[in-house]
Amino acid sequence: MTGISFHEVSHTYRPPRSAPTLALERVSLDVREREFLALLGPSGCGKSTLLYLLGGFLPVEAGAVTVAGKPVTGPGPDRGIVFQNFALYPWKTVRQNILYGLEKQRLPRAERERRARELIELVHLGGFDNSYPAQLSGGMKQRVAIARTLAVDPAILLMDEPFGALDAQTRALMHEELLAIIRRTPKTVVFVTHDVREAVYLADRVAVMSARPGRIKEIVDTGFAGEKGPALTGTRAFADKVEHLWDLVRGEAILAQTRRD
Ligand SMILES: Nc1ncnc2c1ncn2[C@@H]1O[C@H](COP(=O)(O)OP(=O)(O)O)[C@@H](O)[C@H]1O
Ligand SMILES: [Mg+2]
């Protein structure tokens, strides 16, 4: 059971030396088991805040966040998170970074090594086991971060603009790899992005957020569940869906720009 529910969730940041910011206002949202949901909205609308509340990295102050009916009270092995900036240990090799994810599990050493090998193959990094992050390209680093998160086989995968720093070609490859991984080991995915095409391509449903304070403006079914693949992006149906979502996000992006502080 991995159904996720946000019920009237608000969140205010209270920095010690500046005015409070209402980042989220009464957000209600359900994510179904094994669904791929994209959170789409302009910069500063509260996407990361929503994801961190679900990850248990921020306390839920107003409203309720539940996973399988239980309130989230902190991070847990059921929810793996991939950050935008990779968050790898620069002094550990690819293998060691992935093993780190496995250390918290009480597995025999040989079993951990076997899992690490499997994960390195899964993200196509065979031969780079002993490389350090500084020796890898952006796409390779992000693959290590994904492998480390997948190491504990979380039922829920949280991704915060994971491919935002990658060039377009690498990003397209990573999209295919992510979809392949999820086909092999189905998961509930909450994927944060400000990229309309990325949201339409990857997600089953796209939750469009309003400019700050973040609210859910509309939830759009993409309807492409069974036909994911590079050919999809060239179809009329795909272009229409992207256009429709652009119409929803455009106004919010303009608002976010003019309200910049
Ligand atoms: N630690 C923090 N302290 C104060 N304000 C914050 C903090 N983190 C985020 N914010 C503010 O909360 C709002 C939402 O932030 P965030 O969730 O990071 O948005 P997004 O991920 O959509 O870009 C933004 O206006 C941001 O400036
Ligand atoms: Mg963010």
Side-chain angles (χ1 to χ4, degrees), residues 4-29 31 36-65 67 72 74-75 79-88 138 141-142 145-146 149 156-166 171 174-175 178 189-203 205-220 245-261:
I4 296 161
S5 166
F6 293 90
H7 182 69
E8 306 233 323
V9 174
S10 299
H11 192 82
T12 305
Y13 287 103
R14 294 187 179 78
R17 274 176 290 279
S18 50
T21 303
L22 179 62
L24 295 173
E25 191 173 42
R26 300 174 70 132
V27 169
S28 295
L29 174 70
V31 187
F36 195 129
L37 181 112
L39 280 175
L40 176 70
S43 171
C45 76
K47 303 182 294 298
S48 295
T49 304
L50 206 55
L51 205 68
Y52 296 165
L53 287 167
L54 175 55
F57 299 103
L58 280 175
V60 180
E61 292 167 345
V65 182
V67 173
V72 169
R79 285 152 291 141
I81 189 159
V82 178
F83 298 97
Q84 171 163 16
N85 55 6
F86 316 134
L88 299 176
K141 280 187 240 186
Q142 194 53 297
I146 290 171
T149 302
I156 298 173
L157 192 54
L158 309 178
M159 305 185 94
D160 192 2
E161 309 209 28
F163 310 136
L166 307 181
R171 195 180 319 147
M174 295 299 291
H175 287 164
L178 176 61
V189 185
V190 182
F191 188 102
V192 164
T193 181
H194 63 257
D195 182 329
V196 176
R197 289 178 63 85
E198 181 173 64
V200 174
Y201 186 61
L202 293 176
R205 285 193 306 158
V206 181
V208 179
M209 291 180 70
S210 65
R212 201 184 75 214
R215 300 191 195 87
I216 303 297
K217 181 172 175 167
E218 195 163 323
I219 298 177
V220 176
L245 273 150
W246 249 120
D247 286 342
L248 290 171
V249 202
R250 192 174 286 122
E252 301 305 327
I254 293 167
L255 265 178
Q257 282 296 315
T258 51
R259 261 195 232 152
R260 264 284 105 117
D261 42 19

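When a ligand or atom number is given, it counts from 1 through the structure's own listing order. Note that the structure is a prediction, hence the values are computed from the model and not measured. Values below: all heavy atoms of this structure, side chains included; hydrogens, waters and symmetry mates excluded.
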Keeping the roles fixed (side chain from Q142, backbone from P162), state whether a donor-acceptor pair exists under 3.5 Å. yes

Mind checking whether K47 has an N or O less than 3.5 Å away from an N or O of ligand 1? yes

Give the single entry among S48, G46, P213, A211 that approaches atom 19 (O) of ligand 1 most closely by any heavy atom. G46

Considering residues, nucleotides and ligands other than R205, do more than 12 of their heavy atoms fall under 6.0 Å from its CZ? yes

Partner of L248 by side-chain contact (heavy atoms from CB on, under 4.5 Å), out of V206, V196, L40, V208: V208

Answer yes or no: is there a donor N or O on one side and an acceptor on the other, between the side chain of E252 and the main chain of A211, under 3.5 Å? yes

Spell out, as yes or no, whether a donor-acceptor pair under 3.5 Å connects the side chain of T21 to the backbone of A23. no

Side-chain donor/acceptor of K141 to backbone N/O of A87, under 3.5 Å: no

At a cut-off of 2.8 Å, what protein N/O/S atoms sit near the Mg ion (ligand 2)? S48 OG

Which class fits the ring pair F191 and F163: parallel under 30°, tilted 30 to 60°, perpendicular over 60°? tilted

I'd like to know if the side chain of R79 and the backbone of L54 have a donor-acceptor N/O pair within less than 3.5 Å. yes

Proximal atoms of ligand 1 relative to S43 (non-hydrogen, under 4.0 Å): 23 (O)

For ligand 1, which atoms have a heavy atom of P15 less than 4.0 angstrom away? 4 (C)

